[in-house]
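One-based numbering along the sequence shown. From a predicted model like this one, the values you see are computed outputs, not experimental measurements.
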Amino acid sequence: MSEYGGLAERLRGVLDDLDDLAFDQLREAVAEGATARPVSEKELAKARRSVEKAVRELEALADAADQSAD
């Protein structure tokens, strides 16, 4: 696995952490009787999209590195 692939894999773990955190935020909001998504959960969703984009970019770099090694 290339360095790019390793970084992408680590970021996938961050995605899982962000999902857990966002779910916790939503669960707490519902328990408190909120009727709208918490602002913090919206920001976590934005951060998740950014990390997803980074994973895609790193995977593309890893694929290119693997192809050039062949």
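No chain of hydrophobic side-chain contacts below 4.5 Å, direct or via other Ile, Leu, Val, Met, Phe, Trp or Tyr residues, connects L18 to F23. L11 and Y4 fall within a single hydrophobic cluster, where Ile, Leu, Val, Met, Phe, Trp and Tyr are joined by side-chain heavy atoms under 4.5 Å apart, directly or via other members. Grouping the Ile, Leu, Val, Met, Phe, Trp and Tyr side chains by contacts below 4.5 angstrom, directly or via other members, places V30 apart from L21. Taken together through direct or relayed side-chain contacts under 4.5 Å among Ile, Leu, Val, Met, Phe, Trp and Tyr, L7 and L15 form part of one hydrophobic cluster.
Listed by chain and number, the residues in a side-chain hydrogen bond (donor to acceptor under 3.5 Å, both in side chains) with K46 are E43 (sequence neighbours excluded). Every residue meeting the salt bridge (charged side-chain N to carboxylate O under 4.0 Å, His left out) condition with D19, not counting sequence neighbours, appears here in chain and number order: R48.
The distance from atom CG of D17 to atom CZ of R12, rounded to the nearest 0.5 Å, is 14.0 Å.
Under the side chain to side chain donor-acceptor pair (under 3.5 Å) criterion, the residue pairs touching residues 27-39 are D24-R27, R37-E41, with sequence neighbours excluded.
For G5 against A62, the heavy-atom pair with the smallest separation is N-CB, 3.8 Å.
Between E59 and R56 there is no salt bridge, since no side-chain N of the basic residue sits under 4.0 Å from a carboxylate O of the acidic one.
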